[in-house]
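To start, the structure under review is shown below, and the notes come after it.
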Amino acid sequence: MKPSAPSLLKATFAIVQKDLAAELRSRELLSAMLVFSMLVILIFNFALELNIDVRKSVTAGVLWTTFAFAGTLGLNRSMAVEKDRGCMDGLLLAPVDRSAIFFGKAISNLAFMLIVEAIVIPMYAILYNETRIFQPEFLGVLLLGSIGYIAVGTLLSAMSVQTRTRDVLLPILLFPVAVPVLLASVKASGGIITGAPFAEILTPLNLLIVYDIVFIAISFMVFDYVVEE
Amino acid sequence: METYPDTSSYMVAGYIVSFLTMGIYVLSMYIRNRNLKRDLETLEDMDTNKKK
Amino acid sequence: MQSKPIALTILDILSVISLGVATYFALVFAPTELFMGQVQRVFYFHVGTAWVGMLGFILAAIAGIIYLINKDMRWDRFEVAAVEISTMFFFITIVLGSIWARPAWNTWWTWDPRLTTAAITELIYIAYFMLRAGIEDPEKRARFGAVYTLLGGISVPITFMVIRLFRTIHPVVIGNESAAAQGGFSMSGDMVTAMLVSFAAFTIIFIDLMWHRIRIGGLQDKVEELKLKVSM
């Protein structure tokens, strides 16, 4: 590495800082994700008749569906901004490793997703009087699931913004590939809510961790091919 | 069980679907091939005319 | 213009013959299964198409990796051919499975791991074609396609493992855990023969179709190149 080039860690955090600062000023991404999440939960309330019995079994599913949809909204926007304002070209020209761009974008996307989750979860708890979702295990699964989802999502959104059909393409590309994270998360967090024995939660949890590791590694390796001109 | 349950209509439907799908695919390849060859001929003509 | 190689013509004839032989073995040679009757005969084409479907997706992922390393457009053509043909065969697999499931499980569809994974695989590769359709630059199209087949190839087995956490009723015919599944059947020697014939036949057909599709891919690239040349 050239002596003038900043280290990978420094460059990554510079990108994260830039994204968070920009978001702090405009708040357009977070507000869109939040309002959208609220609307999805509202619609689920009527679509599923969320009474006490039903709630126990579907809470995990409702929350994950909400986060997955809100997540694509955020991922799309966060990458489209880079592309439209020409920031991506600037980033690519900067003397930093390409993987710094991937990790930087992924970490800021993850931050947005976690912020949305941190607001939606208490809101859901209040609306449905559901306090079981505050267990540390549940929040841990939420974090693991979000990491895997965002890792693939960041890579695919970098691809989808460069296509003609970019607005519609991201969910179509992302959902089938992200099925394992979504299902494993639903299974694990659902088990935690219903108080299933730990052995039952362990298998989906292991698969979730495997998925996270494999897909962070793959996304990081192929990101170069996605942004190169 | 001495008598087979009569499920032969399902079997016939299954094989019709299989052959139909493969047939349509092969046909689509044939049409694509033909169109491409025609395009290629036209383009080659245009190319040689341009050179003159 | 390159003419059709003789080997390809021979392969064409061979494919037609092997399709005929496989049909004969499935419909006439194999004994009728006792509990399900005639419908069990779709099984031979079901496993045959499933085999080449999976083969194609694995080959596509490998071709994608090779393309990313050496950037040779021939591997891109190979990858597209494999995905397209496999998507077609996998469609047959799913429909045949559904037709078999109706009398055997009394339902057209269940959310069983194999069925669900098959459906998701099919969706991934439909998404693959939508992705490619949205990109004009051939080099970029090839690059993104390769990345996506790679992601798909890795996610499908994990999907299967995750969905298996929910219960299964799909019989495991190859291997020996079939006791728990409904609609399982023990295969007699003739049934195994018919199945192996079907595997072999679909492999030959697959190779033949691949060859044709790769040639069409080459033709497409040539036309595109010429279009550019003429318009300049």
Side-chain angles (χ1 to χ4, degrees), chain B, chain C residues 1 4 12 15-16 19 23 26-27 32-46 48-49 81 84-85 87-89 91-104 202 205 208-209 212-213 215-232:
Chain B
M1 226 187 272
E2 266 74 51
T3 51
Y4 304 144
D6 183 26
T7 48
S8 39
S9 54
Y10 288 106
M11 180 196 75
V12 172
Y15 277 89
I16 289 174
V17 170
S18 310
F19 284 112
L20 208 65
T21 311
M22 285 189 274
I24 290 171
Y25 185 70
V26 170
L27 190 71
S28 90
M29 276 219 286
Y30 172 74
I31 292 171
R32 274 187 285 179
N33 194 30
R34 199 193 52 192
N35 290 350
L36 281 169
K37 282 213 168 114
R38 214 167 38 202
D39 285 0
L40 200 66
E41 265 168 42
T42 339
L43 285 167
E44 267 165 358
D45 277 355
M46 281 165 77
D47 196 33
T48 43
N49 287 340
K50 232 169 102 177
K51 274 186 191 137
K52 272 175 209 166
Chain C
M1 195 180 291
K4 193 172 165 183
D12 282 348
S15 318
V16 174
L19 184 63
T23 312
L27 296 185
T32 308
E33 209 276 330
L34 285 180
F35 293 98
M36 282 168 284
Q38 301 293 347
V39 72
Q40 188 267 339
R41 291 178 191 280
V42 302
F43 162 80
Y44 304 107
F45 271 38
H46 176 69
T49 51
E84 194 179 286
I85 295 163
T87 309
M88 186 269 296
F89 276 127
F91 171 76
I92 297 179
T93 310
I94 293 172
V95 173
L96 285 184
S98 193
I99 286 172
W100 178 82
R102 176 69 194 148
F202 278 104
I205 297 166
D208 184 49
L209 289 177
H212 280 288
R213 183 60 184 83
R215 279 166 57 89
I216 289 179
L219 216 56
Q220 272 169 342
D221 289 356
K222 219 166 164 184
V223 167
E224 220 149 284
E225 214 174 276
L226 258 175
K227 261 185 196 159
L228 219 65
K229 197 171 148 199
V230 169
S231 64
M232 272 200 285

Select one option (side chain, backbone, both, neither) describing which atoms of B:Val12 are under 4.5 Å from chain C's heavy atoms. neither

dist B:Met22:CE -> B:Leu27:CG (nearest 0.5 Å) comes out at 14.5 Å

Out of C:Lys227, C:His212, C:Arg213, which one racks up the most heavy-atom pairs below 4.5 Å with chain B? C:Arg213

C:Leu209 vs B:Met29 side-chain heavy atoms within contact, under 4.5 Å: yes

Check whether [X] gets within reach of chain B through its side chain, its backbone, both or neither, counting any heavy atom under 4.5 Å.
X	value
C:Ile92	side chain
C:Leu96	side chain
C:Val95	side chain
C:Thr23	side chain
C:Leu19	side chain

Please report the shortest heavy-atom distance between B:Leu40 and C:Val223, naming the atom on each side. CD1-CG2, 3.7 Å

Minimum heavy-atom distance C:Leu219-B:Leu36, with the two atoms named: CD2-CB, 3.7 Å

Pairs in or reaching into residues 6-32 of chain B: which pass ring pair (Phe, Tyr, Trp, His ring centres under 6.0 Å), with residues at least two apart or in two chains? B:Tyr15-C:Phe45, B:Phe19-C:Phe45

Between B:Arg32 and B:Asn35, is there a side-chain donor-acceptor contact under 3.5 Å, judged purely by atom types and distance? no

